[in-house]
Amino acid sequence: MQSKKVILSGIQPSGALTLGSYLGAIRNWAALADEYNCYYAIVDMHAITARQDPATLRKMQYEHLAQLIACGLDSKENTLFIQSHVPAHAQLAWVLNCYTMFGELSRMTQFKDKSAKNDENINAGLFTYPALQAADILLYQADLVPVGADQKQHVELTRDIAFRFNGIYGDVFKLPEPYIPKVGARIMDLQTPTKKMSKSEVADGGCVLLMDSPDDIVRAFKRAVTDSETNVRFDPVSKPGVSNLIQIYSVCTGKTIADVEKEFEGKGYGDFKPVVGDAVVELFRPIREEAQKLISERAYLDNVLRSGAEKASLTAITTLRKVYRKIGFLERPQ
Ligand code: ATP
Ligand code: LTN
């Protein structure tokens, strides 16, 4: 019997989960467990490339875990773990750093964006971040990496690193493919619809969180920035705000973009915005309720993390050993 294909993805505990992370990535994960062997990492090591408050970082990891389970990721069918609990991530990242070019890292959009936004902390970790992400993916010999559109470049770099390494040492790594949804891959900020909705930039009120109250969600959508026209028409270039809302409504309801335009023909933004807000409220309601229940079940969450790390380690160590052997590291004498 051929073994199942492998999926790996990661999520940074650098802020609360947003509508963007849900629609762009997590929503698609739950349905994959039947067909694939799925690993999902809460990537604490990536999160510290920006300064984190230790207590908040600790709390955020449990919240992410509870919310991922509430989003339908069954902990028996999926391997859910914390990145730093599997030391092979750091170990392989170092090796891959030595097979990743300065020029390649310099071209990464996420590095350019984040260093421009935070010029007093452009640390080396932020720069080499994609080599750690490549290690996350390659340790599990992942076939597919389900992510939002912003991560495509990092997955492509991972392929390039793997290809380079395999070219020197033979077939060590599987070359992964990004797996990006057709609709919802880039949810925009509701206040600045030309910029991606981001968990680390919640201050302007344009970000909707998975755990926001229904009132807050409806209010955020009523305040969403649109344009000076009134018609509900999909045109991301000249109408980015309303096109973002159409996209969100389409993913939440399963209706096509054309159907959404038809449904609101002759109606204005005042009719449309609260309906989108309500659709998000209903989508998030069961998730929020379940996550609120799970967050107090610390022993259960710790069990999930314990078995997740054990399972992930078995696979990760096998790949790491092979890499060490190939590059000429000595095994520690017993
Ligand atoms: P930051 O913007 O602060 O770097 P993030 O929200 O992009 O954080 P994560 O939560 O780690 O970072 O991303 C988790 C997954 O969600 C990734 O696959 C990412 O591509 C996806 N994602 C995040 N934001 C969006 C968005 N606005 N639209 C679509 N997908 C998104
Ligand atoms: N870089 C991603 C998070 C991330 C990831 C991964 C995604 C870290 N490691 C491995 C997919 C696979 C982000 O910023 N959202």
Side-chain angles (χ1 to χ4, degrees), residues 6-29 38-52 60-61 63-64 67-68 71 81-84 86 89-90 92-93 96 108-115 117-118 125-126 128-140 142-159 161 176-203 206-210 240 244 247-248 251 312 316:
V6 176
I7 290 240
L8 177 128
S9 200
I11 196 142
Q12 296 192 71
S14 52
L17 295 179
T18 72
L19 177 64
S21 20
Y22 182 73
L23 294 185
I26 303 165
R27 179 182 68 100
N28 306 306
W29 295 354
C38 298
Y39 295 86
Y40 298 108
I42 297 174
V43 293
D44 52 349
M45 290 157 65
H46 279 100
I48 62 161
T49 56
R51 204 65 77 223
Q52 305 293 339
M60 202 59 83
Q61 292 175 76
E63 288 182 0
H64 274 38
Q67 289 167 33
L68 289 178
C71 286
F81 67 104
I82 306 277
Q83 185 183 34
S84 69
V86 182
H89 289 249
L92 183 62
L96 296 182
M108 293 296 115
T109 313
Q110 184 170 311
F111 171 69
K112 288 193 263 186
D113 284 353
K114 295 213 166 175
S115 46
K117 273 184 210 141
N118 196 359
L126 189 65
T128 62
Y129 175 116
L132 176 59
Q133 182 164 349
D136 300 340
I137 298 168
L138 299 177
L139 275 175
Y140 301 91
D143 294 275
L144 286 183
V145 185
V147 281
D150 63 305
Q151 292 303 310
K152 185 164 181 258
Q153 199 185 26
H154 286 163
V155 181
E156 284 167 353
L157 177 60
T158 300
R159 281 177 71 87
I161 298 169
E177 300 274 356
Y179 180 75
I180 296 170
K182 287 203 174 62
V183 191
R186 195 169 165 79
I187 301 297
M188 310 308 271
D189 186 278
L190 299 187
Q191 286 302 308
T192 318
T194 45
K195 143 186 143 190
K196 166 190 160 243
M197 185 182 285
S198 165
K199 60 164 52 147
S200 51
E201 285 172 66
V202 292
C207 191
V208 173
L209 305 180
L210 194 55
N244 188 39
Q247 200 185 168
I248 293 169
V251 191

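What you see below is based on every heavy atom in this structure, not just the backbone, and it leaves out hydrogens, waters and symmetry mates. Order of listing sets the numbers, starting from 1, for every ligand and every atom in it.
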Taking all non-hydrogen atoms of both residues into account, name the closest pair between I187 and G184 and its distance.
CG1-O, 3.7 Å
Hey, is the main chain of [Y] close enough, under 3.5 Å, to the side chain of [X] for a donor-acceptor pair?
X	Y	answer
H64	Q12	yes
R27	Y22	no
T18	C207	no
Q83	A41	no
N244	M188	yes

Going by the angle between their ring planes, with limits at 30° and 60°, are Y39 and F81 parallel, tilted or perpendicular?
perpendicular
Atom-level proximity to ligand 2, residues with heavy atom under 4.0 Å
L8, S9, G10, Q12, V43, H46, Q110, Y129, Q133, D136, I137, V145, V147, Q151
What do you reckon, are the aromatic ring centroids of F111 and H154 less than 6.0 Å apart?
no
Sorted by chain and number, the residues that approach ligand 1 to under 4.0 Å with a heavy atom
I11, Q12, G20, S21, G24, A25, K114, V147, G148, D150, Q151, G184, A185, R186, I187, K196, M197, S198, K199, S200
From T128, I161, L132, residue fulfilling side chain to side chain contact (heavy atoms under 4.5 Å, CB included) relative to L96
I161
